[in-house]
Visitor: 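Could you have a look at this structure, given as structure tokens, before my questions?
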Amino acid sequence: MTLVEAPVRTRWMVAYALAMIGVAAGWFGPIQILLPEQAARLAGGDGKESLLALVTAIGAAASLVANPLWGALSDRLGSRRPIFVAGTVVGVAGLLVLSAADSRPLMIGGWVLVQIGLNGPLAALAAMIGDRVPERQRGTVGALFGVAQIVGVVLGTALAVAVGQGAPGYLAVAVAVPALGAALLLIHREPVRISDRTALSLKWPGSQFAWAWLIRFLLNLVNALVLVYLFYYLSDQVGVADAATWVLVLTVVNVLFAGIFGFAGGVLSDRWQRRRIFVAVAAVVLAAGTALLALVPVVAVAIVASVLVGAGWGAYVAVDMAVITQVLPDTETRATMLGVANIAGTLPQLLAPVIAAPIVTRLGGYPTLYLLTAAIAVLALVCLPRLRALS
């Protein structure tokens, strides 16, 4: 395969970031506000945690399968655009189902459609970095990929709070997802692929890919455990009166620092051609932030913890895509292997509620949950020396 190594232009990067913001809004608007509220409405105060855990776990299981399948289909077609469009259509359909869901089965079915669908544009966007972005720009564009996801968290949360929980929030997100992706579809040009292969064949990616995958999984699990019950943590443990508003406040604080550290880190990692130090800083700062949530459950400390979690997550997303694309074994199966890599981002969504629900309800509550989260961040730091491919 021969790919053009010309640098990507600013307008492409802006359109790319907008598309990723839309995908993230479609995910995290529901996760942060809409699904917790819907679970509380359908199951009542005593069963809300269990229903939310069930819905998000089933959706994450669907996502676990969908991402590599979208990637493999993209490689087989040799094009990212059809995958982007088809996945967006399915995801929007799921949001519309959720907007009308008045039962548990409909809520589960709608969220499964959202997870299956939005993995299409996610797989396409991840593959575009390898296709279109030369190595010397991958820190910057990879940081945009990560920071845009964080901005999407804020956008989805803000839409849910501003427009209203329930059907209005879902409908607003359903409009935002395709609207934000339209610009990239208009300006993106697929690179010319020259290949003599008649079928895809996967190569064992090797230990460096495996260690990069594990570190990505652990740090994504940290992020998922912070987010999954944040709404309930603020209402039940901290005792705030308006949990939805405080989720928005903490999310804005988080995204501000994640954006600063993410974009600055991506630029600096390209300039220095160093990735490892950013991963190490991320693990340490994430551990500190989650430990604060565990030990001092008051509003002021929650804000400080959000600063730390945002800064730590930003330091990681600054180099996440640069690290993964650096250890990919084969350009012919880039989207397929990025789909495998993306399991490290989606599997934590499946595991987070499964881990968190019994801890919150029976095994020590939120202090235990967030201390465990801090320990997971430290484990990622312990794994880092094995990733010898990184500078």
Side-chain angles (χ1 to χ4, degrees), residues 19-39 41-43 51-74 80-126 149 152-153 155-157 159-160 163 165-182 185 224 227-228 335 339 342-343 345-354:
M20 189 63 245
I21 289 170
V23 173
W27 249 310
F28 289 101
I31 288 174
Q32 291 280 85
I33 298 290
L34 299 174
L35 288 174
E37 183 277 334
Q38 197 167 24
R41 177 160 40 87
L42 293 177
L51 178 57
L52 181 62
L54 177 65
V55 172
T56 54
I58 294 174
S63 180
L64 194 67
V65 177
N67 199 287
L69 288 181
W70 283 118
L73 181 58
S74 178
R80 314 307 181 194
R81 189 187 304 271
I83 303 303
F84 188 100
V85 173
T88 299
V89 170
V90 174
V92 169
L95 290 166
L96 295 178
V97 170
L98 283 169
S99 73
D102 56 1
S103 67
R104 298 183 185 199
L106 274 179
M107 184 180 175
I108 293 169
W111 187 238
V112 166
L113 279 177
V114 171
Q115 289 279 42
I116 291 173
L118 293 186
N119 269 285
L122 180 65
L125 289 166
Q149 292 181 55
V153 175
L155 176 63
T157 306
L159 283 173
V163 178
Q165 298 169 27
Y170 282 121
L171 293 174
V173 174
V175 171
V177 173
L180 289 167
L185 290 176
L227 293 177
V228 66
N342 284 338
I343 292 174
T346 55
L347 183 57
Q349 295 180 50
L350 173 62
L351 293 180
V354 174

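One-based numbering along the sequence shown. All of these numbers come straight from a predicted model, not from anything done at the bench.
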Visitor: Locate the shortest heavy-atom distance separating G29 from A160; write the atom from each residue and the value.
Guide: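 Heavy atoms of G29 and A160 come nearest at O-CB, 4.5 Å.
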Visitor: Taking the side chain as everything from C-beta on, heavy atoms only, tell me whether W111 gets closer than 4.5 Å to L98.
Guide: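 Of all side-chain heavy-atom pairs linking L98 with W111, at least one is under 4.5 Å.
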Visitor: What distance separates T56 OG1 from I31 CD1, expressed to the nearest 0.5 Å?
Guide: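 Those atoms lie 7.5 Å apart.
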Visitor: So which atom in G94 and which in V114 form the shortest heavy-atom distance, rounded to 0.1 Å?
Guide: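 Scanning both residues completely, I find the closest heavy atoms to be C-CG2, 3.5 Å.
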Visitor: Taking all non-hydrogen atoms of both residues into account, name the closest pair between V112 and A62 and its distance.
Guide: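 For V112 and A62, the tightest heavy-atom pair comes out as CG1-CB, 3.9 Å.
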Visitor: If you take all heavy atoms of G166 and L34, which pair is closest and at what distance?
Guide: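 Looking at all heavy atoms of both residues, the shortest contact is N-CD2, 3.9 Å.
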Visitor: Assess whether side-chain contact (heavy atoms from CB on, under 4.5 Å) is satisfied between V163 and Y170, documenting all intermediate values.
Guide: CA-CA 9 Å; V163 178; Y170 282 121; over 6 Å; no
Visitor: Taking W27 for its side chain and G156 for its backbone only, find out whether a donor-acceptor pair lies under 3.5 Å.
Guide: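 Between the backbone of G156 and the side chain of W27 there is no qualifying donor-acceptor contact (under 3.5 Å).
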Visitor: Mind running side-chain contact (heavy atoms from CB on, under 4.5 Å) on L122 and M20 for me, showing each step along the way?
Guide: CA-CA 7 Å; L122 180 65; M20 189 63 245; 3.8 Å; yes
Visitor: Please enumerate all residues that pass salt bridge (charged side-chain N to carboxylate O under 4.0 Å, His left out) together with R41, with sequence neighbours excluded.
Guide: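 Applying salt bridge (charged side-chain N to carboxylate O under 4.0 Å, His left out) to R41 gives E37.
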Visitor: On a heavy-atom basis, which atom in I83 and which in G120 lie closest, and how many Å separate them?
Guide: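 Between these two residues, the closest heavy atoms are CG2-O, 3.5 Å.
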Visitor: Can you list everything that forms a side-chain contact (heavy atoms from CB on, under 4.5 Å) with T88? Sequence neighbours excluded, please.
Guide: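 Once residues adjacent in sequence are excluded, the partners of T88 under the side-chain contact (heavy atoms from CB on, under 4.5 Å) criterion are F84, V92, P121, V177, P178.
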Visitor: Using modelled atom types only, decide if a donor and an acceptor are shared between the side chain of N119 and the backbone of Q115 within a distance under 3.5 Å.
Guide: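 Yes: the side chain of N119 pairs with the backbone of Q115.
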Visitor: Distance from W70 atom CH2 to I116 atom CD1, nearest 0.5 Å?
Guide: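 Answer rounded to 0.5 Å: 9.0 Å.
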Visitor: Rounded to the nearest 0.5 Å, how far apart are CG of L118 and CG of L113?
Guide: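 One finds 10.0 Å between CG of L118 and CG of L113.
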Visitor: Are V55 and R104 close enough that some pair of their side-chain heavy atoms sits under 4.5 Å apart?
Guide: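 They are not in contact (no side-chain heavy atoms under 4.5 Å apart), so the answer is no.
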Visitor: Quick one: are L171 and L96 in side-chain contact, heavy atoms under 4.5 Å?
Guide: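 With C-beta onward as the side chain, the pair touches.
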Visitor: Roughly how far, to the nearest 0.5 Å, is the CD1 atom of I33 from the CD atom of Q38?
Guide: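 Answer rounded to 0.5 Å: 13.0 Å.
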Visitor: I need the I108 CD1 to I58 CD1 distance, nearest 0.5 Å.
Guide: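 The distance works out to 4.0 Å.
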Visitor: Check A24 against G152 and note the closest heavy-atom contact, atom names and distance.
Guide: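 In this case the closest contact between A24 and G152 is CB-CA, 3.7 Å.
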Visitor: Below 4.5 Å, heavy atoms only, C-beta onward: do L95 and P30 meet side chain to side chain?
Guide: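 L95 vs P30: side chains touch.
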Visitor: Can you check whether L52 reaches L35 side chain to side chain, under 4.5 Å on heavy atoms?
Guide: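 Yes, close enough: below the 4.5 Å cut-off.
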Visitor: Could you give me the CA-CA distance, side-chain angles and deciding distance for L106 and V97, then say whether side-chain contact (heavy atoms from CB on, under 4.5 Å) is met?
Guide: CA-CA 7 Å; L106 274 179; V97 170; 4.2 Å; yes
